[in-house]
**Student:** 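To start, I am sharing the structure in question, which I have written as structure tokens.
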Amino acid sequence: MTSLLGADTLCWRTEFFPKYPGDEGTDWHQADNFSNVAGSKHPQIVWPEDAEFGGTITVWTAFTDATIEMGCLQFIPGSHKTMNYDESKVMEYDAETINNREKNGVRRGFFGYDYRQLQKDPNWSPDESKAISIELKKGQCIVFWSTLMHASHPHSGNTDQMRLGFAARYLPTSVRVYPYSDALVEFGGEASLDKFGSVLVSGKDEFGHNRFVDQTVTGHPFTTR
């Protein structure tokens, strides 16, 4: 991470992404400030005003094999240069649409949202002919910038094995994390940020505008390199 972001680096968000047999693929999407899924116009991350770009680095690690049939990730090379979505818009959550929508002949959704609602041009659609599928073996990972167009294939259901990925997101310590939020309201649920803190992965924090934690809620320490 330090070779990409500099000596002072934090991890601000991690989450598991399970895909069960028969689950839909994930919508094509890009993320700059992550304000959309929260149902508000408040960004989750804010880069300094003189920054040339936004977004975050994601490290997506396969906890199980991730094949095309099991729903591996897809990317459109070069797409990080242009934001096709307006994150100041708000997506409407509808749990009834999960696994029930088809887009360009593929079952796709965004965990109860429809990412097409954020398109700057409602008539635009991703050029899937340029898409590359990245199959991973258990334990392998892929590193990408969040403004790169990415999606995932549906799980074909030809095996009873789930696909499980773990995403960790990293930023330089100059970026503000959740500066306007006391709770996350997304994906049909709500989580308080009372105990939230970023983890200092390397270096030091010279800005003082983010909360940090140095151990888990059960007392396991985080090591700063």
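Keep in mind that the numbers below use all heavy atoms, side chains included, and drop hydrogens, waters and symmetry copies.
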**Student:** Can D86 and S88 be said to form a side-chain hydrogen bond (donor to acceptor under 3.5 Å, both in side chains), step by step?
**Tutor:** CA-CA 5 Å; D86 180 358; S88 69; 2.7 Å; yes
**Student:** Report the distance from atom CZ of R211 to atom NZ of K195, rounding to the nearest 0.5 Å.
**Tutor:** 12.5 Å
**Student:** Using only atom types and a distance under 3.5 Å, with no angle test, would you say the side chain of S181 pairs donor to acceptor with the backbone of Y178?
**Tutor:**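 No; judged by distance alone, with no hydrogens or angles, the pair does not exist.
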**Student:** According to a 4.5 Å side-chain heavy-atom criterion applied to Ile, Leu, Val, Met, Phe, Trp and Tyr, with indirect links allowed, do M1 and V199 form part of one hydrophobic cluster?
**Tutor:**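 No, it is not one cluster - the side chains of M1 and V199 are not joined through contacts under 4.5 Å.
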**Student:** Examine F17 together with F111 and report whether their ring centres are nearer than 6.0 Å.
**Tutor:** yes
**Student:** Within this structure, what is the CD-OG distance for the pair E206 and S174, rounded to the nearest 0.5 Å?
**Tutor:**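 Answer for the CD-OG pair, E206 versus S174, is 10.5 Å.
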**Student:** Could you tell me the separation between the OG1 atom of T147 and the CD atom of Q30, rounded to the nearest 0.5 Å?
**Tutor:** 6.5 Å
**Student:** Does some side-chain heavy atom of V201 sit less than 4.5 Å from a side-chain heavy atom of C11?
**Tutor:** yes
**Student:** Any side-chain to backbone donor/acceptor pair from T2 onto A7? Under 3.5 Å, distance only.
**Tutor:** no
**Student:** For residues R108 and A151, report the shortest heavy-atom separation together with the two atoms involved.
**Tutor:**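 Smallest interatomic distance, heavy atoms only, reads NH1-CB, 3.7 Å.
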**Student:** Closest approach of P48 and V175, non-hydrogen atoms and distance?
**Tutor:**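 Looking at all heavy atoms of both residues, the closest pair is CD-CG2, 4.3 Å.
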**Student:** Does M162 offer a backbone N or O that forms a donor-acceptor pair with the side chain of K19 under 3.5 Å?
**Tutor:**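 Not a single qualifying donor-acceptor pair exists.
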**Student:** Looking at G54 and D32, what are the two nearest heavy atoms and their distance?
**Tutor:**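 Here G54 and D32 meet closest at CA-OD1, 3.2 Å.
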**Student:** About how many Å separate OG1 of T9 and CG of D205, when rounded to the nearest 0.5 Å?
**Tutor:** 11.5 Å
**Student:** Tell me, please, which residues at least two apart from L148 pass side chain to side chain contact (heavy atoms under 4.5 Å, CB included).
**Tutor:** F75, S79, H80, F144
**Student:** Can you check whether L164's main-chain N or O pairs, donor with acceptor, with T64's side chain at less than 3.5 Å?
**Tutor:** yes
**Student:** Judged by atom type as modelled, is there a donor-acceptor pair below 3.5 Å linking the side chain of N210 to the main-chain atoms of V177?
**Tutor:**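 Pair found, side chain donor or acceptor close to backbone of V177.
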**Student:** Sequence neighbours left out, what passes side chain to side chain donor-acceptor pair (under 3.5 Å) with N33? Give chain and number order.
**Tutor:** S35
**Student:** Run the salt bridge (Lys or Arg N to Asp or Glu O under 4.0 Å) test against D114 and tell me which residues pass, sequence neighbours left out.
**Tutor:** R101, K103, R116
**Student:** Of the non-hydrogen atoms in G55 and I45, which two are nearest, and what is the gap between them?
**Tutor:**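 Smallest interatomic distance, heavy atoms only, reads O-CD1, 3.6 Å.
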**Student:** When clusters are formed by joining ILVMFWY residues with side-chain heavy atoms under 4.5 Å apart, either directly or through shared neighbours, do W47 and I57 land in the same one?
**Tutor:**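 In one cluster: yes.
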**Student:** Hey, is E87 close enough to K89 for a salt bridge, meaning N to O under 4.0 Å?
**Tutor:**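 Salt bridge flag = no for K89 with E87.
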**Student:** Under the side chain to side chain contact (heavy atoms under 4.5 Å, CB included) test against R107, which residue among N100, D23, N99 passes?
**Tutor:**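 Among N100, D23, N99, the one that satisfies the side chain to side chain contact (heavy atoms under 4.5 Å, CB included) with R107 is N99.
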**Student:** Applying ring pair (Phe, Tyr, Trp, His ring centres under 6.0 Å) between Y85 and each of Y113, W28, W124, report the one that passes.
**Tutor:** W124
**Student:** Counting N and O atoms only, with roles assigned by atom type, does the side chain of D8 sit under 3.5 Å from a partner on the main chain of K204, one being a donor and the other an acceptor?
**Tutor:** yes
**Student:** Under the salt bridge (charged side-chain N to carboxylate O under 4.0 Å, His left out) definition, can you give me all pairs with a residue in residues 159-172, not counting sequence neighbours?
**Tutor:**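 The answer is E15-R169.
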**Student:** F63, L73: one ILVMFWY side-chain cluster at the under-4.5 Å cut-off?
**Tutor:**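 No: no chain of side-chain contacts under 4.5 Å links F63 to L73.
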**Student:** Can you sort out the partners of R176 under salt bridge (Lys or Arg N to Asp or Glu O under 4.0 Å), two or more places apart, ordered by chain and number?
**Tutor:** none
**Student:** Backbone N or O of H220 within a donor-acceptor pair of the T216 side chain at under 3.5 Å?
**Tutor:** yes
**Student:** Is it true that atom CZ of F212 has more than 12 heavy atoms of other residues, nucleotides or ligands lying nearer than 6.0 Å?
**Tutor:** yes
**Student:** Nearest 0.5 Å, what's the CD-CG distance between E186 and L184?
**Tutor:**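 E186 CD to L184 CG: 5.0 Å, rounded to 0.5 Å.
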**Student:** With sequence neighbours excluded, what pairs up with T223 under the side chain to side chain donor-acceptor pair (under 3.5 Å) test?
**Tutor:** none
**Student:** Partners of S133 by side chain to side chain donor-acceptor pair (under 3.5 Å), sequence neighbours excluded?
**Tutor:**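 In terms of side chain to side chain donor-acceptor pair (under 3.5 Å), with neighbours along the sequence ignored, S133 is linked to H153.
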**Student:** Enumerate, atom names and distances included, each donor-acceptor pair closer than 3.5 Å involving a side-chain atom of residues 134-142, sequence neighbours excluded.
**Tutor:**
{"unit_1": "E135", "atom_1": "OE2", "unit_2": "I68", "atom_2": "N", "d": "2.9"}
{"unit_1": "Q140", "atom_1": "OE1", "unit_2": "K137", "atom_2": "N", "d": "2.7"}

**Student:** Might you work through the side chain to side chain contact (heavy atoms under 4.5 Å, CB included) test for N84 and K120, ending with a clear yes or no?
**Tutor:** CA-CA 6 Å; N84 299 289; K120 293 180 178 179; 6.0 Å; no
**Student:** Looking at D27 and H29, would you say the former's side chain and the latter's main chain have a donor-acceptor pair under 3.5 Å?
**Tutor:**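 Not confirmed, D27 side chain does not pair with H29 backbone.
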**Student:** Grouping I, L, V, M, F, W and Y whenever their side-chain heavy atoms are under 4.5 Å apart, do V106 and F110 come out in a common cluster?
**Tutor:**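 Looking at the clustering, F110 is in a separate group from V106.
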**Student:** Taking side chain to side chain donor-acceptor pair (under 3.5 Å) as the definition, give me every residue that meets it alongside W60, ordered by chain and number, with sequence neighbours left out.
**Tutor:** none
**Student:** If the condition is side chain to side chain contact (heavy atoms under 4.5 Å, CB included), which residues does D214 pass it with, not counting sequence neighbours?
**Tutor:**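 Per chain and number, D214 pairs via side chain to side chain contact (heavy atoms under 4.5 Å, CB included) with no residue.
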**Student:** To the nearest 0.5 Å, tell me how far S152 OG sits from M70 CE.
**Tutor:**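 Here the interatomic distance stands at 12.5 Å.
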**Student:** One pair to check against side chain to side chain contact (heavy atoms under 4.5 Å, CB included): N104 and E128. What are the steps and the verdict?
**Tutor:** CA-CA 9 Å; N104 295 326; E128 298 194 47; 3.5 Å; yes
**Student:** Is it true that a side-chain atom of T56 and a backbone atom of S146 form a donor plus acceptor pair closer than 3.5 Å?
**Tutor:** no
**Student:** Fit a plane to each ring of F34 and W12, take the angle between them on a 0 to 90° scale, and name the class: parallel (under 30°), tilted (30 to 60°) or perpendicular (over 60°).
**Tutor:** perpendicular
**Student:** Check side chain to side chain contact (heavy atoms under 4.5 Å, CB included) between P21 and all other residues, then give those that pass, not counting sequence neighbours.
**Tutor:** H155
**Student:** If we ignore hydrogens and angles and just use 3.5 Å, is the side chain of Q215 paired with the main-chain N or O of P221 as donor and acceptor?
**Tutor:**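 Judged by distance alone, no pair lies under 3.5 Å.
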**Student:** Around atom CG of D182, are there more than 12 heavy atoms from other residues, nucleotides or ligands closer than 6.0 Å?
**Tutor:** no
**Student:** Does any part of the side chain of I98, heavy atoms only, come nearer than 4.5 Å to the side chain of E24, both counted from C-beta?
**Tutor:**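 Yes, their side chains come closer than 4.5 Å.
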**Student:** Among all residues two or more places apart in sequence or in another chain, which pass the side chain to side chain contact (heavy atoms under 4.5 Å, CB included) test with Y180?
**Tutor:** H42, P43, V46
**Student:** Answer yes or no: are there more than 12 heavy-atom neighbours, outside E92 itself, under 6.0 Å from its atom CD?
**Tutor:** no
**Student:** Please tell me whether L10 and F222 are part of a single hydrophobic cluster in this structure, the criterion being side-chain heavy atoms less than 4.5 Å apart.
**Tutor:** no
